[in-house]
Every structure is written in structure tokens, then in C-alpha cells.
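Single-structure report; data block below.
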Protein chains: 2
Amino acid sequence: MTQDQWVPPVVLLAVDLVILTLRQSHLHVLLVERGIEPYRGALALPGGFLQHAEEDITVAAHRELSEEADLDLETLSLEQLGVYGDPGRDPRGRVVSVAYLAIAPRLPEPTAGTDAAAAGWQPIERVLSGDLTLAFDHQRIITDGVERARVKLERSSLATAFCGPTFTITDLQDVYEAVWGIPLDPRNFYRKVQKTEGFIVPAGTARKATTGRPARLFRAGPCTVLYPPMVRPTESPSEKE
Amino acid sequence: MTQDQWVPPVVLLAVDLVILTLRQSHLHVLLVERGIEPYRGALALPGGFLQHAEEDITVAAHRELSEEADLDLETLSLEQLGVYGDPGRDPRGRVVSVAYLAIAPRLPEPTAGTDAAAAGWQPIERVLSGDLTLAFDHQRIITDGVERARVKLERSSLATAFCGPTFTITDLQDVYEAVWGIPLDPRNFYRKVQKTEGFIVPAGTARKATTGRPARLFRAGPCTVLYPPMVRPTESPSEKE
DNA sequence: GAAATAGTGTCTGTGAGACAATATGTC
DNA sequence: GACATATTGTCTCACAGACACTATTTC
């Protein structure tokens with residue numbers, strides 16, 4: 001049934017990272033400028049090939065994360081997003097890429113990592129709208145990553161990963177609003193997160209530089225799974241006839 | 001920064017299929033007996049290497065599906081589950097496997113496909129309990145696949161993919177109970193699915209061979225996304241203190 | 001009629017969404 | 001005090017869950 005001497009084809013394996021963060025209440029993704037062909041000069045996700053044949057894929061993802069974005073694993077969520085391996089997505093040959101999604105708290109401008117000509121945070125809207133042109137199929141990967149993040153906010157405490165060690169409830173609301181792209185009622189949001197057992201725990205009171213009543217501070221609670229889940233309003237009320 | 005002449009390592013790319021179906025109200029997974037080393041004689045997921053360097057991964061998954069299980073794509077859901085590529089998972093070398101999840105309606109016993117020594121449906125409990133020993137990391141892949149299916153039943157109309165072209169509401173309830181592994185109240189279930197716009201549409205009345213009032217028949221409705229979602233009872237009430 | 005399965009009605013508790021009202025800070 | 005933001009309270013509606021009840025079939 002198989003021909004003599006048939007051997008399975010080999011592929012190059014790469015990892016790509018969708019690193020999301022919040023800047024000025026807007027969701028941003030980390031992009032680098034490619035220094036080599038193909039797509040030289042175009043914006044792309046940080047990533048690269050496995051370093052050697054025995055490197056674990058997850059390890060490779062973490063390696064790229066620190067190489068290209070100076071990000072350590074502190075308070076950082078990193079999960080597999082999927083495989084992108086269309087033949088022809090890379091002119092160099094058959095390259096199959098494993099995409100990872102990382103969520104990071106507010107970060108300093110990453111002034112060019114090790115092997116990227118330029119690096120920077122780009123507003124997610126510019127990517128999703130097609131305003132920016134990205135290398136390979138990276139726009140689709142980012143689209144999938146954002147959607148994954150949106151869904152994860154509903155049932156996991158992931159949102160706290162966008163914040164620093166302590167945060168106010170308003171900070172947390174900003175996260176939800178930015179990722180979901182919709183406004184939420186502060187009063188109802190307040191009640192909801194307080195009622196959700198183990199989501200956040202008190203951590204003193206903030207001294208606010210700005211005007212208004214100072215907010216209480218919280219830190220991430222013990223639970224990673226939210227019950228009941230946060231509900232995303234724009235579910236599909238438009239589904240009605 | 002890179003050594004002279006450094007070239008990225010290559011890997012072998014495989015696809016593995018988690019094919020789930022319902023038999024006698026129990027969730028089953030399709031397993032084959034391996035005919036070759038490694039793990040010769042052990043049970044494993046159907047799957048195999050890419051056929052040639054230009055084969056699309058999804059195409060390869062469909063190919064394996066028909067090769068190993070005689071299943072065509074009719075009313076069949078097939079989606080990417082994830083990548084499993086730990087170094088050392090396959091003694092033959094660096095093999096990275098893309099796992100797919102397929103949901104199939106009740107099917108005839110698949111009497112050995114093309115290149116598998118034996119094939120058969122195994123109850124999912126035997127796999128999850130560790131009662132059966134599987135090749136490679138296939139137990140973990142199946143565990144992930146079942147969990148994915150459970151979650152998908154909540155918000156998608158996937159459950160109808162387990163049924164034939166027409167089905168009764170009780171049939172549909174059986175699907176939910178089997179996949180979730182918990183009993184549901186028939187009365188509430190009935191109301192719920194009827195109220196969920198576009199989930200199921202009437203399709204005549206069944207003539208039952210058994211006793212009792214004949215049930216109405218339905219077929220899958222136009223909506224693939226359920227709103228409001230079906231709620232899985234055992235969410236995490238045990239999370240309470 | 002008895003048994004069995006299908007389908008409906010009703011009540012109750014929880015939680016989402018709207019929004020008024022109150023608290024506590026800065027200027 | 002004026003203003004701004006934080007926090008609490010209240011009302012209403014939708015829906016999950018429990019479960020009594022009615023309907024329609026076979027025997």
C-alpha cells in the first residue's frame with residue numbers, strides 16, 4: 001500500500017507570539033519589523049524557528065518571548081492558540097507555525113529586542129481593520145488571538161493578568177471594556193466582580209493623585225475559573241429577527 | 001548572533017484524530033491498533049504523517065478520516081484541537097502532531113480501515129480512567145478533545161452533529177447527558193431547546209416502535225451559535241467553601 | 001384501565017441591566 | 001461649596017431548576 005522507501009515529508013517548525021497588553025485603555029499587540037526576507041520590512045508577530053531539534057515548543061515560545069520582547073514570565077499567561085500551516089504561507093518552504101497567546105500587564109515601550117529591527121505596540125484596531133499590512137498570515141493569527149482573549153475573559157480570571165500586582169475595580173473594568181470593545185456599567189460591574197467568589201481580594205486603599213474619591217485596591221484572588229462567569233453583553237442580541 | 005550556516009531543525013508532521021460518537025447513550029472514541037513500531041499492538045488514535053510536503057494539514061486530517069474510519073464529511077464537524085509536540089513523545093524522532101476533533105453521528109462498527117490492523121469504538125470512560133493504555137500521548141489528546149466537546153455543546157449547535165438528520169428532543173438530551181456525563185431534567189431541557197432560537201426546527205412526527213407517546217421530530221436549525229447558551233449544571237458549585 | 005414516554009404550566013431563586021442615591025476625596 | 005470618582009441600594013425582567021400536571025400512545 002505504501003511505495004518502497006516512502007518517507008514522510010519534513011517541515012520547518014516555528015512559533016509565533018500574539019502578545020497583548022493594554023495601553024491607554026486600548027488593546028495593543030506587539031509587532032516587530034522583519035529584518036530579513038521574506039516580507040522584509042513588513043510588520044510581523046515576534047517568533048522564530050525552533051532552535052534545535054529537541055527544543056520543546058512551549059520552551060521555544062518562552063524563549064522568543066524574552067528574546068523579542070524582554071518579557072519575563074511573571075504574571076504572564078501563555079497558552080497555545082493553534083497551528084497555522086497552509087502550504088504556501090511562507091515562500092521559503094513548508095513552514096508550520098504554532099501560535100501562542102500571551103497576556104501582559106502594562107509594559108514599557110520595548111525598544112527593539114535582540115533580533116528585530118524594530119518593535120512596538122500597535123493598537124489592535126489598526127490590525128483588525130486591515131489598516132496595517134502584516135507578513136504571512138499574521139493578521140488572521142492576531143484575529144484568532146483577540147477572539148480567544150475575549151472569550152477567556154468571560155470564564156477565567158485572565159483579566160487580572162492585564163493589570164499590575166494591585167489594581168482598582170475601575171482598572172479591571174477598563175480591561176474588560178478594552179478587550180471586549182464595549183462599555184460596561186460601573187455599578188453593575190462593581191457588584192459583579194465583588195460577588196464572584198475568589199476573583200479579587202482586597203489589598204488596601206489607593207491614594208489617588210487625581211480628583212475624586214480614592215478607590216480600594218485589590219489583587220488577583222485564588223480562583224482562576226470564574227463562577228458565575230462574566231457575561232459579555234453583545235453576545236448576539238443581533239441574532240434576533 | 002546566529003552561527004554561520006545555522007539552519008533551523010526540521011520535524012515530522014502528523015495529524016491525529018479524536019473522533020467521537022454516541023453509542024448506546026455513551027460517548028465513544030475511535031481507536032485503532034497500531035500495526036507498526038513504535039507501540040505496535042497498542043491502541044492509538046487514527047492518524048498519520050503528511051503525505052507530501054505540500055499537503056494542507058486540514059486536508060490531511062480529512063484524508064485520514066476517510067482512510068481510517070470510512071467516514072465522509074457529511075454532517076461531520078472537524079476542528080483543530082491543538083499541537084502535541086513534546087520532544088521524546090515519539091521514539092522515531094521529532095514528531096509534531098496536530099490533533100483534530102471530529103464529531104460523528106451514530107455509525108456502524110468500522111470494520112478495520114485501510115491501514116489499521118484493527119479499529120473500534122471504545123467507551124470514553126475506559127480511556128479517561130486509564131483502564132486502557134494508549135500509545136504516545138494519546139490519552140491526553142483524548143482528554144483535551146472530550147473537554148473541548150463538552151465546552152462546545154454549551155454555545156454551539158454541535159450536539160445535533162451527534163444525531164442523524166432528524167431526531168427527537170429526547171435524542172438530543174441523550175447527547176448532552178452522554179457528553180457532559182450528567183443527567184438533565186427532561187421538562188426543563190425541552191423548554192430550553194425550544195426557546196433557543198434557530199437551534200432545532202420541526203420535522204414531522206416520529207412513529208415510535210416502543211411504547212409511549214410518539215415524539216415530534218426535529219432537524220438542526222440554521223443557527224450554529226446558541227443564544228442563550230445551554231448551561232452545564234456542574235459548572236463549579238463545588239467551588240464553594 | 002395501566003404503563004410509558006412526550007410535552008405544558010407554575011413557582012421560586014439568582015443574577016443581569018437600568019439607574020437613583022450616597023460616600024469620600026480634591027480644588 | 002463645586003466637582004469628580006467610588007460605592008451602595010433598589011427595581012425589574014429573564015431565565016435556570018424543581019416539580020405537578022396533562023397528553024398520547026401501546027398493551
Side-chain angles (χ1 to χ4, degrees), chain A residues 25 153-155 163 166-177 180 182-218 226-240, chain B residues 25 153-155 163 166-177 180 182-218 226-240:
Chain A
S25 296
L153 284 204
E154 297 179 41
R155 303 179 149 266
C163 303
T166 65
F167 48 85
T168 68
I169 289 187
T170 304
D171 291 338
L172 194 59
Q173 183 180 342
D174 282 345
V175 174
Y176 277 91
E177 292 185 331
W180 284 351
I182 50 172
L184 300 172
D185 183 292
R187 288 84 57 101
N188 293 333
F189 185 84
Y190 199 99
R191 263 194 301 101
K192 182 57 193 287
V193 295
Q194 291 268 255
K195 181 161 30 183
T196 302
E197 192 84 29
F199 189 10
I200 57 175
V201 296
T205 302
R207 43 211 147 286
K208 284 268 292 210
T210 71
T211 172
R213 173 177 176 175
R216 281 184 284 179
L217 285 178
F218 297 85
L226 302 185
Y227 191 81
M230 305 292 292
V231 289
R232 178 155 49 141
T234 327
E235 290 288 13
S236 43
S238 54
E239 173 217 10
K240 283 205 169 177
Chain B
S25 296
L153 284 204
E154 297 180 42
R155 304 178 148 267
C163 302
T166 65
F167 47 86
T168 69
I169 289 187
T170 304
D171 291 338
L172 194 59
Q173 184 181 341
D174 281 344
V175 174
Y176 277 92
E177 292 185 332
W180 285 351
I182 49 170
L184 300 172
D185 184 292
R187 290 82 59 98
N188 293 333
F189 185 84
Y190 200 98
R191 265 193 300 102
K192 183 58 194 284
V193 295
Q194 291 268 253
K195 181 160 32 184
T196 302
E197 192 84 27
F199 189 9
I200 57 176
V201 295
T205 301
R207 42 212 148 283
K208 285 268 292 210
T210 71
T211 174
R213 171 177 177 174
R216 281 183 282 180
L217 286 177
F218 297 85
L226 301 186
Y227 189 83
M230 306 292 293
V231 289
R232 176 154 51 139
T234 327
E235 290 286 15
S236 41
S238 54
E239 172 217 11
K240 284 205 171 176

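Since the model is a prediction, treat every value here as computed from it, not as a measurement. Naming: A, B, ... by sequence-line order, numbering from 1 per chain.
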If we ignore hydrogens and angles and just use 3.5 Å, is the side chain of A:Glu197 paired with the main-chain N or O of A:Tyr227 as donor and acceptor?
no
4.5 Å side-chain heavy-atom contact, A:Pro186 and A:Thr170:
no
Closest non-hydrogen atoms of B:Pro229 and B:Arg155, given as atom of the first, atom of the second and distance, are CB-CG, 3.9 Å
Integer-rounded Å distance: C:dG7 C1' and B:Ile200 CD1:
12 Å
Specify the separation, in whole Å, of atom CG of B:Leu184 and atom C1' of D:dA18.
14 Å
Whole-Å gap separating C1' (D:dA6) and CG (A:Asp171):
12 Å
Does any part of the side chain of A:Phe167, heavy atoms only, come nearer than 4.5 Å to the side chain of A:Ile200, both counted from C-beta?
yes
Polar atom pairs between nucleotides 8-16 of chain C and protein, under 3.5 Å, N or O only, would you list them?
{"unit_1": "C:dA16", "atom_1": "OP1", "unit_2": "A:Lys192", "atom_2": "NZ", "d": "2.6"}

Kindly give the atom pairs (protein nitrogen or oxygen, nucleotide nitrogen or oxygen) under 3.5 Å for nucleotides 1-3 of chain D.
none

Nearest to the A:Pro214 side chain among C:dG25, D:dT5, C:dA6, which nucleotide is it?
C:dG25
Residue met sooner reading DNA chain C from 5', once A:Asp185 and A:Arg213 are mapped to nucleotides
A:Asp185
Rounded to the nearest 0.5 Å, what separates atom CZ in A:Phe189 from atom CE in A:Met230?
4.5 Å
Taking all non-hydrogen atoms of both residues into account, name the closest pair between A:Thr168 and A:Ala215 and its distance.
CG2-CB, 3.7 Å
Taking OH from A:Tyr227 and P from D:dA16, how many angstroms apart are they, rounded to a whole number?
11 Å
Enter the distance from B:Arg216:CZ to B:Gln194:CD here, rounded to the nearest 0.5 Å.
5.5 Å
C:dA6 OP1/OP2 closer than 4.0 Å to side-chain N/O of B:Thr170:
yes
Identify the heavy atoms of B:Asp185 and B:Gln173 that sit nearest to each other, and give their distance.
C-NE2, 4.1 Å
